[in-house]
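Read through the structure below, which is laid out as C-alpha cells, and then see the notes.
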Amino acid sequence: CSSLTSLDVSNFDTSNVKDMSWMFADSTKLTTLDLSNFNMNNVTNTTRMFKGCTALTSVYVTNCDEATIAKIKASVTQAGLSESIVKTTR
C-alpha cells in the first residue's frame with residue numbers, strides 16, 4: 001500500500017468486522033481518510049491499523065459513534081500520530 005494516495009471506503013460495510021489490525025498499515029502516501037460510515041462496534045483488534053501512515057493528516061469520523069471514534073483515536077496515537085488528526089466535523 002505504499003503507493004496508495006487515496007482510498008474510498010464510503011461503502012464498506014464494517015458492521016460485522018472483528019479485526020482491523022494492519023488495515024491501512026504502511027500507506028505512506030495516504031494523507032486523508034474518510035471513515036465517517038465505519039461501524040466498529042464489533043471490532044476487538046485495531047493493532048497497527050495506521051502503522052507507517054506517516055503522511056496522514058486527517059481522519060474523518062463525522063457519522064461515527066463515540067465508541068468508534070475512541071477506537072480510531074487509540075489506533076492513531078498507537079501509530080505515533082497526533083489524536084488531533086481525527087476530525088468529527090468537515
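The basis for the numbers below is simple: all heavy atoms, side chains too, and nothing from hydrogens, waters or symmetry mates.
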Keeping the roles fixed (side chain from T68, backbone from C64), state whether a donor-acceptor pair exists under 3.5 Å.
no

If we ignore hydrogens and angles and just use 3.5 Å, is the side chain of Q78 paired with the main-chain N or O of R48 as donor and acceptor?
yes

Could you check L33 against Y60 for side-chain contact (heavy atoms from CB on, under 4.5 Å), going step by step and ending with a plain yes or no?
CA-CA 6 Å; L33 197 52; Y60 293 99; over 6 Å; no

Roughly how far, to the nearest 0.5 Å, is OG of S75 from CZ of F50?
6.0 Å

Contact between M40 and I72 at the side-chain level, heavy atoms closer than 4.5 Å - yes or no?
yes

Would you say the side chain of D19 lies within less than 4.5 Å of the side chain of V43, judging by non-hydrogen atoms?
no

Is there a donor-acceptor pair closer than 3.5 Å between any side-chain N or O of N42 and the backbone N or O of S15?
yes

How many angstroms lie between NZ in K73 and OG1 in T88, if you round to the nearest 0.5 Å?
7.0 Å

Could you go through the side-chain contact (heavy atoms from CB on, under 4.5 Å) check for F38 and V9 one step at a time?
CA-CA 9 Å; F38 266 37; V9 295; 3.7 Å; yes

Does the side chain of K51 reach to within under 4.5 Å of the side chain of W22, using non-hydrogen atoms?
yes

Stepwise side-chain contact (heavy atoms from CB on, under 4.5 Å) check, T31 with T5
CA-CA 7 Å; T31 58; T5 57; over 6 Å; no

Rounded to the nearest 0.5 Å, what separates atom CG in L56 from atom OG1 in T28?
11.0 Å

With N39, the side chain to side chain contact (heavy atoms under 4.5 Å, CB included) member among N63, T14, D13:
T14

Do T46 side-chain atoms and S21 backbone N/O form a donor-acceptor pair below 3.5 Å?
no

So CG of N45 and NZ of K71: to nearest 0.5 Å the spacing works out to 10.5 Å

Report yes if some heavy atom in the side chain of F24 is under 4.5 Å from a heavy atom in the side chain of L35; otherwise report no.
yes

Atom CG of D34 and atom OG of S58: how far apart are they, to the nearest 0.5 Å?
10.0 Å

Can you tell me how far apart OG (S27) and CG (L4) are? Round to the nearest 0.5 Å.
5.0 Å

Answer yes or no: is there a side-chain heavy-atom contact under 4.5 Å between K29 and T54?
no

